[in-house]
Protein chains: 2
Amino acid sequence: MPDPAELERDLRTAGLRVTRPRLAVLDAVHVHPHLDTEALIGAARTRLESISHQAVYDVLRVLTDTGLVRRIQPQGSVARYEARVGDNHHHLVCRDCGVIVDVDCATGAAPCLMPSGDAPPDFVVDEAEVIYWGRCRSCATAPAAPSTTARPAERGNP
Amino acid sequence: MPDPAELERDLRTAGLRVTRPRLAVLDAVHVHPHLDTEALIGAARTRLESISHQAVYDVLRVLTDTGLVRRIQPQGSVARYEARVGDNHHHLVCRDCGVIVDVDCATGAAPCLMPSGDAPPDFVVDEAEVIYWGRCRSCATAPAAPSTTARPAERGNP
DNA sequence: CGGCGTTTCTTGACTGCTTCAAGGGAGCAG
DNA sequence: CTGCTCCCTTGAAGCAGTCAAGAAACGCCG
């Protein structure tokens, strides 16, 4: 649960104007990592009594462009957002339920790993994005996939 | 350039019926790795004089489901396909022009790396998908980004 | 070799996520 | 407080991909 004043400071530091929609969305992303845009619209509307669809899309774009939030999009999922930036962490994604879990990066700084040995032709690599695919505890024990289209959500209170 | 008979054998081995659309699409994916669906429709239409939109989507779905082709989708790109499967290789993606280059995996077998040390909670990881982001030779030397929306393509003849 | 059942392709329409565009409203410097 | 600039609202459109019904093709079998 981030301090509103701190969120405001983050916006100013990034050279952005401080508006209620931006504070609401930024707070929502902090509190609920890995939500998709639709869910973030809902989360923002619990903070403000009204905010448009489009405003949330605009805000998310600005926040990602300035690096205040990070956008992730595993195969078969819509765009999701998280506020944990700067550290070079990765994600585990459950193939069945779609839940996303953060994993720390071993080496720390980006790019945490370089293309191994032989192959890097003339590429200047600045980031290695890693997604670990597998199955979470509950989906690994329960044999059949419960949900058809995975609707990932965080562990915790909505 | 794969042998048509070999492609046919691959289809049969996977338990699929051999049809001209499937041979055309599968050949196109072999010859032109990392193409998107629209481009593959075009490539298939150079092999067959007519094939529908929908057929290509269906074929690609079946081929991915059976593991004959692999689907990749870097951030901000539409779905792309490649026929190099089985080896656990990864990709370099240029942030500017969007070109995709294969990189061999150091360790070989999937999952080539496990979530580092501390964090894997109850997850059974079976694959680690790695995308290296950076800039290719020409985009690294040329300062400004030439293309707005990246239109990745392979190096080679179309 | 030819018929039949099942799978697959064609045609056409549609969904859902995301973006474009124009105008009124809000933040912030002076 | 005033004005400039940027941001949010409203409404509509774009695009990749999907759904659905019927025709055509594959391939098993006699």
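Letters go in sequence order (proteins before strands), and every chain restarts at 1.
- Atom CG of A:Asp65 and atom P of C:dT19 are 10 Å apart (whole Å).
- Checking C:dT18, C:dT10, D:dG17 against every side-chain atom of A:Val78, the shortest atom distance belongs to C:dT18.
- One atom, NE2 of B:His53, and another, P of C:dC9, lie 15 Å apart when rounded to the nearest Å.
- Put simply, the side chain of A:Arg135 never gets that close to the backbone of A:Ala140: no donor and acceptor are under 3.5 Å apart.
- Nucleotide D:dA12 holds its C1' atom 15 Å from the OH atom of A:Tyr57, rounded to whole Å.
- To the nearest 0.5 Å, atom CD of residue A:Gln75 and atom CH2 of residue A:Trp133 are 6.0 Å apart.
- With sequence neighbours excluded, the residues satisfying side chain to side chain contact (heavy atoms under 4.5 Å, CB included) with A:Val18 are A:Glu8, A:Leu11, A:Arg12, A:Leu23.
- Residue B:Val59 is in sugar-phosphate contact alone, with no base atom involved, counting any heavy-atom pair closer than 4.0 Å across all strands shown.
- In this entry the distance linking CD1 of B:Ile41 with C1' of D:dA16 reads 10 Å, nearest Å.
- Separating the CD atom of B:Glu49 from the P atom of C:dC9 is a distance of 15 Å, rounded to the nearest angstrom.
- Rounded to whole angstrom, the span from the CZ atom of A:Arg61 across to the P atom of C:dT18 amounts to 11 Å.
- In this structure, B:Arg22 places its CZ atom 9 Å from P of D:dG27, rounding to the nearest Å.
- Contact between the side-chain N/O atoms of A:Thr37 and the OP1/OP2 oxygens of C:dC17 is not found at any separation under 4.0 Å.
- Side-chain rings of B:His89 and B:His91 approach one another, their centers coming within less than 6.0 Å.
- Other residues, nucleotides and ligands contribute more than 12 heavy atoms inside 6.0 Å of the CZ atom of B:Arg84.
- Here CZ of B:Arg70 is found 8.5 Å from NE2 of B:His34. Values are rounded to the nearest 0.5 Å.
- Comparing A:Val56 and B:Ala79 along DNA chain D, the residue whose closest nucleotide (by nearest heavy atom) sits nearer the 5' end is A:Val56.
- A salt bridge links A:Glu127 with B:Arg95: the closest approach of a Lys/Arg side-chain nitrogen to an acidic carboxylate oxygen falls below 4.0 angstrom.
- Across the protein-nucleic acid pair, A:Leu23 atom CG and D:dC7 atom P stand 14 Å apart, rounded to whole Å.
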| remark: With sugar-phosphate taken as primed atoms, P, OP1 and OP2 and all else as base, the protein-contact string of nucleotides 21-30 of chain C at under 4.0 Å (heavy atoms; B, S, -) is -----BBS--

